[in-house]
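Data block below; observations after.
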Amino acid sequence: KVVVLSKATTEQYSNIKNCMPTTFSSTIPIVDLSKPDAKTLIVKACEEFGFFKVINHGVPMEVISELESEAFKFFSLPLNEKEIVGPPNPFGYGNKKIGRNGDIGCVEYLLLSTSQEHNLSLYGKNPEKFRCLLNNYMSSIRKMACEILELMAEGLKIQQKDVFSKLLMDKQSDSVFRVNHYPANSKIPVNDQSLIGFGEHTDPQIISLLRSNNTSGLQICLKDGDWISVPHDQKSFFINVGDSLQVMTNGRFHSVKHRVLTNEFKSRLSMIYFGGPPLDEKITPLPSIMKGKESLYKEFTWSEYKNFTYGTKLADNRLGHFERN
Ligand code: AKG
């Protein structure tokens with residue numbers, strides 16, 4: 001594999017031995033959604049990495065940048081004005097604390113419902129504008145997510161093209177939208193923990209679509225355990241396979257472990273759409289994938305899995321609990 005060393009990154013972390021990867025990878029698969037080979041490349045990327053970058057995605061740049069600039073405005077407000085929104089249980093503003101089990105990161109964030117009814121009247125100085133931009137963004141993203149999921153089904157030669165996408169299109173789909181802001185972190189790192197923006201984890205849902213500004217920080221863990229840095233690209237989207245998709249493909253697709261490190265000079269803003277199924281949906285391998293093989297997982301519903309993850313730390317191997325021995 002070809003690895004490009006970034007001098008700035010190498011210098012920034014040079015005092016931390018063995019903890020931090022200093023490589024920016026050019027091995028990350030790139031899928032051009034406008035090309036006929038997209039479905040084949042997507043399947044290959046999901047098997048090998050559980051991660052890929054998407055270009056020619058069809059989401060207009062202004063839909064992205066207008067929401068990004070509103071989000072930056074929100075995060076630049078004084079803390080007490082941001083806290084008016086309320087804690088992220090389940091939706092609201094969070095600062096440093098991630099989840100309920102002691103995970104901490106150098107990050108502040110908004111957790112938002114993807115359904116239109118969600119009350120955004122408390123968000124920032126111009127909530128109406130925020131709501132409108134958010135709705136535009138969300139419908140473009142859901143459309144792209146469904147397109148990608150349909151290409152996956154086709155690539156896997158599953159007859160029912162909407163076998164995954166119908167779960168996101170369902171009115172009861174339990175999808176979430178998250179905006180993360182990582183302020184520049186100029187503290188001298190004393191250990192690897194002090195650089196952590198968002199600790200290592202896999203996403204529990206089906207699929208995640210991530211877009212960030214031009215600040216790097218995202219890293220993915222390869223199957224051999226090596227961490228590589230994902231070069232930023234503000235015009236593209238990055239796609240993660242989630243735990244639920246790993247189960248539905250009986251382990252053929254790989255739910256990718258990832259994390260975010262903060263940057264010494266620049267703040268990072270990322271927006272992530274987590275596509276999830278309805279709460280009562282059974283998450284189980286598709287018969288057409290199994291071809292007579294045994295399921296690697298015990299049966300569970302999305303609600304059972306989601307509730308289980310609430311009781312765990314980010315880095316825990318949550319799916320391990322549902323594996324058959
Ligand atoms: C998450 O919010 O689950 C993430 O992995 C964060 C990724 C990012 O902020 O770039």
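In each ligand, atom 1 is the first atom listed, and ligand 1 is the first ligand listed.
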Open item on the list: My understanding is that only residues two or more places apart in sequence, or in another chain, count here; which of them pass salt bridge (Lys or Arg N to Asp or Glu O under 4.0 Å) with Asp103?
Closed with: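 Asp103 satisfies salt bridge (Lys or Arg N to Asp or Glu O under 4.0 Å) with no other residue.
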TODO: Could you tell me whether Tyr182 and Phe198 have their ring centroids closer than 6.0 angstrom?
DONE: no
Task: Any residue meeting side-chain hydrogen bond (donor to acceptor under 3.5 Å, both in side chains) with Gln205, in chain and number order, not counting sequence neighbours - done: none
Task: Set of residues satisfying side-chain hydrogen bond (donor to acceptor under 3.5 Å, both in side chains) with respect to Arg100, sequence neighbours excluded - done: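 For Arg100 there are no side-chain hydrogen bond (donor to acceptor under 3.5 Å, both in side chains) partners, ignoring immediate neighbours.
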Are there any protein N or O atoms under 3.5 Å from the N or O atoms of ligand 1? List them with distances, or say none.
| unit_1 | atom_1 | unit_2 | atom_2 | d |
| --- | --- | --- | --- | --- |
| ligand 1 | 2 (O) | Asn180 | ND2 | 3.1 |
| ligand 1 | 3 (O) | His201 | NE2 | 2.9 |
| ligand 1 | 5 (O) | His201 | NE2 | 3.1 |
| ligand 1 | 5 (O) | His258 | NE2 | 3.0 |
| ligand 1 | 9 (O) | Asn180 | ND2 | 3.0 |
| ligand 1 | 9 (O) | Tyr182 | OH | 2.5 |
| ligand 1 | 9 (O) | Ser270 | OG | 2.5 |
| ligand 1 | 10 (O) | Arg268 | NE | 3.3 |
| ligand 1 | 10 (O) | Arg268 | NH2 | 2.6 |
| ligand 1 | 10 (O) | Ser270 | OG | 3.4 |

Task: Residue of the set Phe274, Tyr273, Tyr137 for which ring pair (Phe, Tyr, Trp, His ring centres under 6.0 Å) holds with Phe177 - done: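 So the option named by the test is Tyr137.
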TODO: Using a strict cut-off of less than 4.0 Å between a Lys/Arg side-chain nitrogen and an Asp/Glu carboxylate oxygen, indicate whether Arg318 and Asp243 qualify as a salt bridge.
DONE: no
